[in-house]
**Student:** 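My structure is below; once you've seen it, I'll send some questions.
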Amino acid sequence: MLAVVSQLPYPIQALLATLITWGITALGAAVVFFIRKPNRNFMDAMLGLAGGVMVAASFWSLLSPSIEMSGELGLNPWLTALVGFLGGGVLLFLGDRFFTRLQARRVLLAQIGPNEDPKGRKRSALLLFSITLHNIPEGMAIGVAFGSVAYGLEGGTLMSAWMLALGIGLQNLPEGMAVSVPLRREGYTRQKAFFYGQISGIAEPIAGFLGALLVLKVHTCLPFLLAFAAGAMIYVVVEELIPESQTNENKDWMALFTLVGFSIMMVLDVALG
């Protein structure tokens with residue numbers, strides 16, 4: 001099987017690898033099917049956990065590789081990371097304002113039901129968008145790894161490309177959960193929470209295939225895109241996830257779960273390189 005796959009064109013191998021990472025995202029999102037009845041304390045704890053996962057992923061999966069890759073490409077590492085990080089944060093800030101105005105307009109037009117939480121809808125949209133945005137440069141990184149083998153670039157080996165895909169895939173496990181569980185908390189059905197949780201990973205196969213095709217062009221902008229996604233994720237954590245989890249009367253326990261989420265993602269990122 002592996003021998004057959006290794007004979008395929010490198011863009012196709014990148015597509016297959018990122019389809020696997022998407023599948024692992026779906027596996028993480030599927031945790032909502034094992035949550036029988038939404039409990040406020042449990043859901044707030046999972047919200048804190050998701051915040052911790054996203055903060056750790058922002059550094060070890062995005063900012064740190066961005067800084068390292070910038071140096072390798074002869075770019076200014078701190079400037080690339082700074083511009084990208086602030087750019088991602090500003091984009092989510094503008095998105096936040098847009099969703100707020102859109103929800104206000106829907107309320108005025110009586111398009112929101114009496115039991116629907118506009119803030120919850122906005123929080124869900126920002127969360128889904130930030131995780132999806134974060135998956136684009138990760139998918140591109142896998143595509144670039146496979147494309148580097150085709151172009152004979154330094155450090156490009158088929159084994160390293162597949163190991164990178166495996167590492168990113170395993171990191172996607174808690175990330176899929178970080179989307180689906182908060183959505184379940186907002187009142188989404190298990191099916192809808194799972195659907196949106198797994199769909200956040202669909203960007204990886206698309207970006208992976210394009211990254212392998214356009215490796216030389218994508219490679220130069222990848223550090224900026226990584227930092228950009230990090231800024232977007234941090235904005236959502238600070239603006240929505242952590243404050244919301246802290247509305248719980250047991251907010252010290254919610255903070256502890258944030259540390260647990262951070263630790264899980266940190267261990268996965270560092271152990272898997």
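From a predicted model like this one, the values you see are computed outputs, not experimental measurements.
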**Student:** Assigning hydrophobic clusters by single linkage (Ile, Leu, Val, Met, Phe, Trp, Tyr; side-chain heavy-atom cutoff under 4.5 Å), is L256 placed with V53?
**Tutor:**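 Each belongs to a different hydrophobic cluster.
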**Student:** Taking atom CD1 of I67 and atom CZ of F59, what is their separation to the nearest 0.5 Å?
**Tutor:**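 Between I67 CD1 and F59 CZ, I get 6.0 Å after rounding to 0.5 Å.
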**Student:** Between NZ of K192 and CD1 of I199, what distance do you get to the nearest 0.5 Å?
**Tutor:**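 Output value for this atom pair is 14.5 Å.
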**Student:** Any side-chain heavy atom of N172 sitting closer than 4.5 Å to one from E138?
**Tutor:**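 Counting from C-beta outward, N172 and E138 do come under 4.5 Å.
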**Student:** Please check: side-chain N/O of R190 versus main-chain N/O of I35, any donor-acceptor pairing under 3.5 Å?
**Tutor:**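 Yes; judged by distance alone, with no hydrogens or angles, the pair exists.
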**Student:** For L259, does its backbone N or O pair with a side-chain atom of S263 as donor and acceptor, under 3.5 Å?
**Tutor:**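 Yes; judged by distance alone, with no hydrogens or angles, the pair exists.
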**Student:** Which is it for S200 and H134 under the side chain to side chain contact (heavy atoms under 4.5 Å, CB included) test, yes or no, and what are the steps along the way?
**Tutor:** CA-CA 9 Å; S200 67; H134 144 270; over 6 Å; no
**Student:** Rounded to the nearest 0.5 Å, what separates atom CG in L16 from atom CD1 in I142?
**Tutor:**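 With rounding to 0.5 Å, CG (L16) is 12.0 Å from CD1 (I142).
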**Student:** Tell me, do L210 and M140 make a side-chain contact under 4.5 Å, heavy atoms counted?
**Tutor:**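 No - every pair of side-chain heavy atoms lies 4.5 Å or more apart.
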**Student:** So, does S180 use its side chain to make a donor-acceptor pair with the main chain of A29 at under 3.5 Å?
**Tutor:**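 Yes: the side chain of S180 pairs with the backbone of A29.
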**Student:** Excluding sequence neighbours, so at least two apart, what forms ring-ring contact (aromatic ring centres under 6.0 Å, His included) with F129?
**Tutor:**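 Result, ring-ring contact (aromatic ring centres under 6.0 Å, His included) vs F129: none returned.
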**Student:** In terms of heavy-atom contacts, does OH of Y188 have more than 12 from other residues, nucleotides or ligands at under 6.0 Å?
**Tutor:**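 Enclosed: over 12 neighbouring heavy atoms sit under 6.0 Å from OH of Y188.
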**Student:** Side chains of E204 and T21: is there a donor and an acceptor less than 3.5 Å apart?
**Tutor:**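 There is such a pair between these side chains.
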**Student:** Determine, using the 4.5 Å side-chain heavy-atom cutoff (strictly less than), whether W22 and L27 are members of one ILVMFWY cluster.
**Tutor:**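 In one cluster with W22: L27, yes.
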**Student:** Please confirm whether W78 and F85 have ring centers closer than 6.0 angstrom.
**Tutor:**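 W78 vs F85: aromatic centres not under 6.0 Å.
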**Student:** Are L94 and L91 close enough that some pair of their side-chain heavy atoms sits under 4.5 Å apart?
**Tutor:**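 Contact flag for L94/L91 side chains = no.
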**Student:** Charged N to carboxylate O below 4.0 Å: is that the case for R185 and E244?
**Tutor:**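 Looking at E244 together with R185, the answer is yes, because their closest N to O distance falls below 4.0 Å.
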**Student:** Within the distance-only criterion (no hydrogens, no angle test), does the side chain of T258 pair as donor or acceptor with the backbone N or O of G48 below 3.5 angstrom?
**Tutor:**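 It does hold such a pair.
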**Student:** Using the test side chain to side chain donor-acceptor pair (under 3.5 Å), find all partners of T18 that sit at least two apart in sequence or belong to another chain.
**Tutor:**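 By the side chain to side chain donor-acceptor pair (under 3.5 Å) rule, T18 matches no residue at all.
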**Student:** Quick one: does E72's side chain get under 4.5 Å of P223's, heavy atoms only?
**Tutor:**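 They are not in contact (no side-chain heavy atoms under 4.5 Å apart), so the answer is no.
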**Student:** Do you know which two heavy atoms are closest between S124 and E186, and how far apart they sit?
**Tutor:**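 Heavy atoms of S124 and E186 come nearest at OG-CG, 3.4 Å.
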**Student:** Please determine whether side chain to side chain contact (heavy atoms under 4.5 Å, CB included) holds for the pair W162 and Q13, giving the CA-CA distance in whole Å, both sets of side-chain angles, and the decisive distance to 0.1 Å.
**Tutor:** CA-CA 9 Å; W162 277 103; Q13 290 193 51; 3.3 Å; yes
**Student:** Would V236 end up clustered with I234 when hydrophobic side chains under 4.5 Å apart are linked, directly or stepwise?
**Tutor:**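 Yes, same cluster.
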**Student:** Between Y10 and V215, is any pair of side-chain heavy atoms under 4.5 Å apart?
**Tutor:**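 No, side chains not in contact.
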**Student:** Salt bridge (charged side-chain N to carboxylate O under 4.0 Å, His left out), that's the test. Do D44 and K251 meet it? Break it down for me.
**Tutor:** CA-CA 9 Å; D44 283 349; K251 60 182 183 179; over 6 Å; no
**Student:** I need the M69 CE to T220 OG1 distance, nearest 0.5 Å.
**Tutor:**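 M69 CE to T220 OG1: 11.0 Å, rounded to 0.5 Å.
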**Student:** Taking all atoms of both residues into account, what is the closest heavy-atom pair of D269 and A56, and its distance?
**Tutor:**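 Where D269 meets A56 most closely, the heavy atoms are OD2-O, 3.9 Å.
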**Student:** Can you name the closest pair of heavy atoms from L268 and L170 and give their distance?
**Tutor:**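 That would be CD1-O, 3.9 Å.
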**Student:** Distance from M43 atom CE to L49 atom CG, nearest 0.5 Å?
**Tutor:**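 These two atoms lie 12.5 Å from each other.
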**Student:** Do V90 and V237 share a hydrophobic cluster (ILVMFWY, side-chain heavy atoms under 4.5 Å, transitive)?
**Tutor:**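 Linked, V90 and V237 end up in one cluster.
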**Student:** Under the side chain to side chain contact (heavy atoms under 4.5 Å, CB included) criterion, do I168 and L164 qualify, and how do the steps go?
**Tutor:** CA-CA 6 Å; I168 288 178; L164 175 65; 3.9 Å; yes
**Student:** Which atom pair, heavy atoms only, marks the closest approach of V179 to Y196?
**Tutor:**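 Heavy atoms of V179 and Y196 come nearest at CG1-O, 4.0 Å.
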**Student:** Would you say the side-chain atoms of N250 pair up with the backbone N or O of W253, donor to acceptor, closer than 3.5 Å?
**Tutor:**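 Pair absent, no side-chain N/O of N250 close to backbone of W253.
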**Student:** Between A14 and A212, what is the shortest heavy-atom contact and its length?
**Tutor:**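 Where A14 meets A212 most closely, the heavy atoms are CB-CB, 3.8 Å.
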**Student:** How many angstroms lie between OH in Y235 and CG in D96, if you round to the nearest 0.5 Å?
**Tutor:**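 Atom-to-atom, Y235:OH and D96:CG are 3.5 Å apart.
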**Student:** Within the 4.5 Å heavy-atom criterion, are E240 and L127 side-chain neighbours or not?
**Tutor:**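 With C-beta onward as the side chain, the pair stays apart.
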**Student:** Would V149 and L8 show up in the same hydrophobic cluster when neighbours are defined by side-chain heavy atoms closer than 4.5 Å?
**Tutor:**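 Per the 4.5 Å side-chain linkage, V149 and L8 are co-clustered.
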**Student:** Taking the side chain as everything from C-beta on, heavy atoms only, tell me whether L63 gets closer than 4.5 Å to S58.
**Tutor:**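 Not touching, per the 4.5 Å side-chain cut-off.
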**Student:** If the condition is ring-ring contact (aromatic ring centres under 6.0 Å, His included), which residues does F33 pass it with, not counting sequence neighbours?
**Tutor:**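 With sequence neighbours excluded, F33 shows a ring-ring contact (aromatic ring centres under 6.0 Å, His included) to F194, given in chain and number order.
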**Student:** Mind checking whether L47 and M254 have side chains closer than 4.5 Å, heavy atoms only?
**Tutor:**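 SC-SC contact between L47 and M254 ruled out.
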**Student:** Take T25 and E175 through the side chain to side chain contact (heavy atoms under 4.5 Å, CB included) test and state the conclusion after the steps.
**Tutor:** CA-CA 7 Å; T25 301; E175 290 171 8; 5.8 Å; no
**Student:** Give me the atom names and distance for the closest heavy-atom approach of L222 to P137.
**Tutor:**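 Closest pair (atom of L222, atom of P137, distance): CD1-O, 3.6 Å.
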**Student:** Using a cut-off of 6.0 Å, state whether more than 12 heavy atoms not belonging to F257 lie near its atom CZ.
**Tutor:**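 12 or below, so no.
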